[in-house]
Number of protein chains: 2
Amino acid sequence: MSPRPKIALNMNEILLAATDIADEAGLHEVTLATLAKKLSIRPPSLYNHFDGLPHLRKLMAIYGIENLYAALADCMGSESGDQDIMELSKAYVLFARKHPGLYEATLAAPDPADHEVQLAGKKIVDLALSVLQSYSLSEEASLHAVRGLRSILHGFSTLEQNRGFGLALNTDKSLELIIKAFLAGIKEMNT
Amino acid sequence: MSPRPKIALNMNEILLAATDIADEAGLHEVTLATLAKKLSIRPPSLYNHFDGLPHLRKLMAIYGIENLYAALADCMGSESGDQDIMELSKAYVLFARKHPGLYEATLAAPDPADHEVQLAGKKIVDLALSVLQSYSLSEEASLHAVRGLRSILHGFSTLEQNRGFGLALNTDKSLELIIKAFLAGIKEMNT
DNA sequence: TCCCTAAAACTAATGTCGTTAGTTTTATTT
DNA sequence: AAATAAAACTAACGACATTAGTTTTAGGGA
């Protein structure tokens, strides 16, 4: 058909570079200027690959959500439901620790209601729902429980990154106790 | 002593204007340009009141934390510990709903480890600790519990603002069930 | 092999923003 | 009324995102 010219950069390389910048210097340091410099091209050239900074932010959000999903889906598969949820929780927080900038991007899409962004997020919700199955909650209670689990994990991750917790206590132990407490409480959630 | 010239603008008016912009258009829309326009002055004049955008962000963070504290301290004083925590939780989420931009500023200080910012946050932690007293947990367990409560409330607030929850379910009910579950679990937290 | 084509790089230019320097206005105190 | 200092201003600079228009480049078809 039509000529297929070289693909010097593909979107994955760009997102990888953007992730590097975000994780090392913060999401706010991901600009067309810094990204172009890291890719050894000039800022306007980036418009051949995506449609401006807001579009890049959306792509980073989806990329981050998908990477988070992969990290969560990986570290699972024990026998008990409790243990699966604990593993999932630790994997979630570990991802945020290893990729602070990319994790931040996860919730920094210019339009959070965007369909593609919502779709990527839905996979994580479904994963969490499947892990909660062993509790045999009602469908409604399960949804509330997933909201609670996500609130804990997102809040914990964000606060940990922002020194919201003092230095006094081990944060790993906090996470473990918090999840245990929530799971204990969940079992009486049905109504 | 020395002359005391007019104070056309004081810091409170500036923070009020900045809060308006943040709540109506998002924290990222709080720029020296938009703020100056709302105050009917030119951007450079703002440097007579604070030391650039990063400094403003820090001042907004402290201002937001103090306002949040006031909102929490207000809506309390029932008899039972459970009910106090529920009231505190609802007040927290309500504040984030009414002041999305200011709430965002709460955790957007340029240096989260800054002493003044930490000091403002400490008051909220202490308030939460005092509410948890009725559970007679060990000191360490109390600190973990406060971390859990803050994680839930911050995560819930952020996710709600970012359409992290679908539209399927009433969010007020979610909050109530989540807090109840966590409180039920907390009571077995001592070791 | 050579040309055609389209992707992807480039330069140049514009407007906005934060920030600095230097100047003028203004209100209060003496 | 004069002196003073806070707080406004204008002018200018550099960094940034973005647009327009141009050149380079590499693969597909003749």
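Throughout, a chain's letter reflects where its sequence line sits, starting with A, and its residues are numbered from 1.
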Spacing between [X] atom [atom1] and [N] atom [atom2], to the nearest angstrom:
X       : N      : atom1 : atom2 : answer
B:Ile41 : D:dA8  : CD1   : C1'   : 8 Å
A:Phe50 : C:dA7  : CZ    : P     : 18 Å
A:His28 : D:dC16 : NE2   : P     : 12 Å
A:Asn10 : C:dA9  : CG    : P     : 11 Å

Taken to the nearest 0.5 Å, the spacing of B:Leu149 CG from B:Leu129 CG works out to 10.0 Å
Base versus backbone protein contacts along nucleotides 11-21 of chain C [heavy-atom cut-off under 4.0 Å; B, S, -]: BB----SSBB-
Would one find a side-chain N or O of B:His49 under 4.0 angstrom from OP1 or OP2 of D:dA6? no
Taking side chain to side chain donor-acceptor pair (under 3.5 Å) as the cut-off, I'd like each qualifying pair that reaches into residues 107-123 of chain B, sequence neighbours left out, listed once. B:Lys58-B:Asp114, B:Lys58-B:Glu116, B:Lys122-B:Asp126
Do B:Leu183 and B:Tyr135 have side chains that approach each other closer than 4.5 Å (heavy atoms only, starting at C-beta)? yes
Is the shortest heavy-atom distance from the side chain of B:Leu53 to the side chain of B:Leu32 under 4.5 Å? yes
Going by the angle between their ring planes, with limits at 30° and 60°, are B:Phe156 and B:Phe165 parallel, tilted or perpendicular? tilted
Would you say the ring centroid of A:Tyr103 lies under 6.0 angstrom from that of A:His154? yes
